Amino acid sequence: SDKIVEIIRNATNHSGEGVSINTIQNELSKTGFDTKTLRRVVAEMCDDGLLYSTVDDDHFETTAAD
C-alpha cells in the first residue's frame, strides 16, 4: 500500500482527477502485481480511508498530506 500511495503522489497533477488504476498497474507490473490484486488492495485502502475515488471508479487520490 505504501508503494501505491507513492505512485499516486508521483503521478498526480493536482487537477482533482486523480490517478487511473491503469497508471498504477503499469508502475506495479514490474513487481508482478496483477490487476485483480491491485483492485482488491485499492478497495481496502479506500475502506481504510487512505485513498478515495475521484472522477470515476478507476481514478484515485491519496488522503495523506504531501
Side-chain angles (χ1 to χ4, degrees):
S1 62
D2 290 339
K3 183 66 175 164
I4 293 171
V5 169
E6 179 184 327
I7 290 167
I8 292 173
R9 281 187 177 162
N10 291 338
T12 191
N13 61 9
H14 303 289
S15 67
E17 186 175 302
V19 178
S20 75
I21 196 97
N22 291 332
T23 299
I24 300 167
Q25 178 61 44
N26 288 341
E27 287 296 315
L28 290 176
S29 65
K30 304 160 198 155
T31 64
F33 223 69
D34 65 86
T35 304
K36 185 177 179 181
T37 303
L38 174 60
R39 288 192 177 275
R40 180 182 52 77
V41 171
V42 166
E44 289 172 3
M45 290 175 73
C46 287
D47 289 346
D48 292 342
L50 299 172
L51 299 179
Y52 61 94
S53 61
T54 57
V55 295
D56 60 27
D57 290 340
D58 286 334
H59 287 79
F60 299 90
E61 189 61 73
T62 178
T63 59
D66 287 336

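As the structure is a prediction and not an experimental result, all values here were calculated from the model.
Between I21 and F60 the shortest heavy-atom distance is CD1-CE1, 4.0 Å. Heavy-atom minimum distance, L28 versus L38: CD1-CD1, 3.7 Å. Closest of all the heavy-atom pairs between T62 and Y52 is O-CE2, 3.7 Å.
Residues passing the side-chain hydrogen bond (donor to acceptor under 3.5 Å, both in side chains) test with T37 are D34, sequence neighbours excluded. Under the side-chain hydrogen bond (donor to acceptor under 3.5 Å, both in side chains) criterion, N22 pairs with no residue, sequence neighbours left out. Among residues two or more places apart in sequence or in another chain, the side-chain hydrogen bond (donor to acceptor under 3.5 Å, both in side chains) test is passed with S20 by T23. Looking at residues two or more places apart in sequence or on another chain, you find no side chain to side chain contact (heavy atoms under 4.5 Å, CB included) involving N26. D58 is linked by a salt bridge (charged side-chain N to carboxylate O under 4.0 Å, His left out) to R39, counting only residues two or more places apart in sequence or in another chain.
For the atom pair NE2 of H59 and CD1 of I24, the computed distance is 9.5 Å after rounding to the nearest 0.5 Å.
Here E6 does not pair with R9 in a salt bridge; the nearest charged N to carboxylate O distance is not below 4.0 Å.
For the pair I4/L51, a side-chain contact is recorded, criterion being any heavy-atom separation below 4.5 Å from C-beta on.
The salt bridge (charged side-chain N to carboxylate O under 4.0 Å, His left out) analysis of residues 40-50, with sequence neighbours excluded, yields the pairs R40-E44.
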